[in-house]
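The structure under discussion appears below in the form of structure tokens.
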Amino acid sequence: MHRPKLLLALAITLAIAAFFAFDLTRFLRLDAFLAQKDTIAAWHAAHPWTAAVAFFAAYVAVTALSLPGAALMTVAAGALFGLALGTVLASFASSIGATLAFLAARFLLRDWVQTRLGDWLEPINQGMEREGAFYLFALRLVPLFPFFVINLLMGLTSIRARTFYWVSQVGMLAGTLAYVYAGTQLGQFKLSGQLIGAFVLLGLFPLLAKRALDAIKARRLYAKWPRPATFDYNLVVIGAGSAGLVSAYIGAATRARVALIERDKMGGDCLNTGCVPSKALIRAATLRSHIARSAEFGIQASAHVDFAQVMERVARVVQAVEPHDSVQRYTELGVECIQGTAQLTSPWTVQVQTRSGSRTLTTRAIVIATGASAFVPPIPGLQQIGYVTSDTLWSLRELPPRLLVLGGGPIGSELSQAFARLGSQVTQVEMLPRILAREDPDVSQIVTERFRREGIRVLVGHTARHFLDEGGRKILVAEHQGAEVRIEFDQVLVAVGRAARTQNLGLELLGIGTARGGTIQTDPFLRTKYPNITVCGDVAGPYQFTHTAAHQAWYAAVNALFGRYRAFRADYRVIPWSTFVDPEVAHVGLNEQEARERKVAVDVTAYGIDDLDRAIADGEAYGFIKVLTRPGTDRILGVTIVGPHAGDLLAEYVLAMKQNIGLNRILGTIHVYPTLAEANKYVAGNWRRAQVTLGQWALLAALQAWMRGAQGIWPVVAGIGALLRDRRKAYAAAR
């Protein structure tokens with residue numbers, strides 16, 4: 001700690017210690033105030049301005065040091081100085097003292113806390129960036145946190161000091177006024193109806209004020225929209241993908257009357273063009289790759305790929321899964337399924353254009369779950385040359401001899417490897433320095449090396465400039481390190497990301513904005529500016545996974561239906577995902593590059609799957625497990641797995657993180673031998689061994705030798721000395 005911080009911390013500590021050592025709390029109790037009433041009143045009458053200044057300074061000191069007694073001093077302000085002057089003194093003293101506590105916490109602790117608890121504080125930091133003033137104002141109105149706790153916690157965030165001061169001044173004014181008024185009644189020293197009413201007001205005011213604030217805000221927001229006298233539905237869900245289906249299911253489960261509107265096919269992208277067909281295609285490609293390796297296992301085999309039959313099987317898999325998301329199933333659940341395009345015409349009405357005409361639905365709540373579609377960049381010549389995306393490639397029945405894949409993210413990488421294994425000559429073009437850029441560099445490296453061994457031409461750092469058709473030859477002109485690169489191909493697959501579907505929804509009419517990434521703006525409860533309209537799935541962000549869409553759908557549906565009684569903040573603390581390349585990549589929580597970006601201190605423990613017995617027996621001995629933990633503890637902050645069945649292995653860590661189970665518990669859990677899951681136990685063992693210091697090893701060795709009678713007691717004493725030196729070094733490093 002730097003000298004100024006050390007001096008300030010020492011001064012604050014001494015002041016607080018003196019306060020309790022001299023039992024100054026006796027002056028901040030109601031019985032003491034009442035006992036000294038006459039003396040205090042007489043001194044105040046003789047020295048009114050001195051009393052006011054002394055009271056003001058004492059109040060500032062109490063609040064700045066976060067000492068107990070601020071509430072009593074506010075009451076005392078009313079008893080001594082009356083309503084007007086007492087309110088002025090208490091209001092300004094409390095705000096100034098709170099700001100001093102805020103600044104002290106920021107100076108002493110913010111950098112340290114942000115470095116070590118950046119992941120935990122991230123939601124608070126995001127809230128401060130979005131609407132810090134209102135966030136603080138709401139906290140001042142709700143008696144959920146003690147006054148001093150808000151001061152200290154706000155000092156750890158990014159809110160400006162002057163914003164903190166004026167919001168505190170305004171936000172606490174009404175509550176201060178109530179306490180001061182109670183003090184004016186207390187000064188009469190009799191139990192009156194006014195005194196009882198003042199204390200009732202003390203307890204109820206913060207809740208009433210927040211309710212009034214919310215009511216005023218809602219009234220102004222909905223004022224220009226006519227509210228129907230009755231509603232056709234409790235809930236209208238727009239979009240029947242993963243998020244929309246779960247939202248409709250939850251609504252129906254609560255016996256709400258639900259309408260589910262889908263413009264195309266039930267099941268959305270995941271069923272029809274995303275997760276299900278892509279995994280069916282990857283399964284065929286994986287089988288072909290295993291047959292190509294058959295000689296490794298002493299088996300001579302070869303395989304001919306009938307691409308049309310491969311794609312027909314993909315279609316059959318989709319058809320087999322389809323009943324899970326069908327109109328029939330959801331109708332039986334009590335959901336009215338409507339095929340058509342939906343548009344918001346007010347916070348209470350949705351206009352639906354169907355084949356038979358237009359109809360308007362009135363509803364108390366709306367969930368927008370319209371998903372996303374493949375983003376097609378405006379590269380010159382792309383439209384003329386023709387292309388497919390992950391949404392449209394499923395109509396292919398001929399394998400492209402030379403496939404160009406634009407994009408090195410999960411979708412582009414999965415499809416690059418699948419088509420290469422089925423026989424295409426694949427060139428993957430990525431403008432960033434590496435593929436799978438959201439993962440750690442070592443993850444990208446191991447996947448890239450596998451791709452190149454399988455014949456995929458991986459071109460990173462290449463920016464697509466334009467497409468040409470030269471006498472029937474399709475060519476991409478790219479730029480790499482300032483030089484022009486020409487890539488010839490037969491078919492191009494565009495996989496550079498997905499864009500949220502927000503067009504023609506009526507968002508502009510209602511003034512519902514979109515975020516920087518094109519998703520719909522929501523608060524942490526997935527509510528738009530209209531609390532009865534919520535958003536979930538890809539159109540909400542920040543993740544574009546089927547499982548997170550379903551996860552969000554619970555919050556969106558419940559908050560839309562019941563949010564006026566109680567709303568639930570969407571929980572993104574433990575979000576797993578997998579990229580189904582070979583080697584498979586799975587991830588939950590922080591990885592190393594995210595920890596560095598957020599300045600979160602972590603310990604990294606790894607285990608190489610090439611050492612695992614089952615992986616060796618299966619001929620799949622490659623990859624690793626990497627676990628990030630909070631320094632000095634076994635608390636898991638993030639896990640990355642690269643290797644066979646990585647997504648399945650990840651589940652143990654997802655559960656552990658969700659239920660606050662550390663690596664010690666995983667190490668103590670019996671794992672079946674021989675299985676891939678043993679790798680989770682072995683990485684926990686590596687972590688445990690890394691916690692043992694050289695001093696501890698020396699002490700154990702000396703103790704064991706002494707127990708054998710091989711040495712005297714002095715080596716044990718030396719071992720204890722080594723252990724103490726380790727502790728001292730660890731303490732110095734922590735400081």
For residues [X] and [Y], is any side-chain donor paired with an opposing acceptor at under 3.5 Å?
X	Y	value
Gln445	Glu449	yes
Tyr622	Glu620	yes
Gln552	Tyr572	yes
Thr370	Arg501	no
Glu479	His462	no
His671	Glu652	yes

**Prompt:** Looking only at atom types and distance, does a side-chain atom of Thr633 sit under 3.5 Å from a main-chain N or O of Arg635, one as donor and one as acceptor?
**Reply:** yes
**Message:** Can a donor-acceptor pair be found, under 3.5 Å and without considering hydrogens, that links the side chain of Thr519 to the backbone of Ala515?
**Reply:** no
Measure across [X] and [Y] and return the closest heavy-atom pair with its distance rounded to 0.1 Å.
X	Y	answer
Arg498	Asp269	NH2-OD2, 3.0 Å
Asp490	Lys474	O-NZ, 3.3 Å
Ala553	Ala243	CB-O, 3.3 Å
Val258	Ala252	CG2-N, 3.7 Å
Lys279	Phe580	CE-CD1, 3.1 Å
Asn664	Asp634	N-OD2, 3.0 Å

Salt bridge flag under 4.0 Å for residues [X] and [Y]:
X	Y	answer
Arg293	Glu296	yes
Asp440	Arg596	no
Glu312	Arg397	yes
Lys626	Glu439	no
Arg421	Asp582	yes

Is there a side-chain contact between [X] and [Y] (heavy atoms, below 4.5 Å)?
X	Y	value
Gln491	Leu404	no
Arg402	Ser424	no
Leu432	Val460	no

**Prompt:** Can you tell me how far the CD atom of Gln425 sits from the CD atom of Glu488, to the nearest 0.5 Å?
**Reply:** 10.0 Å
**Message:** Are His547 and Tyr543, when compared by the centres of their aromatic rings, separated by less than 6.0 Å?
**Reply:** no
**Request:** Please identify each residue that fulfils side chain to side chain donor-acceptor pair (under 3.5 Å) with Arg614, with sequence neighbours left out.
**Result:** Asp618
**Message:** Which residue in the set Leu637, Ile641, Val574 passes side-chain contact (heavy atoms from CB on, under 4.5 Å) when paired with Val588?
**Reply:** Val574
**Prompt:** Does Phe489 have Arg473 sitting over its ring (NZ/CZ under 6.0 Å from centre, angle to axis within 45°)?
**Reply:** no
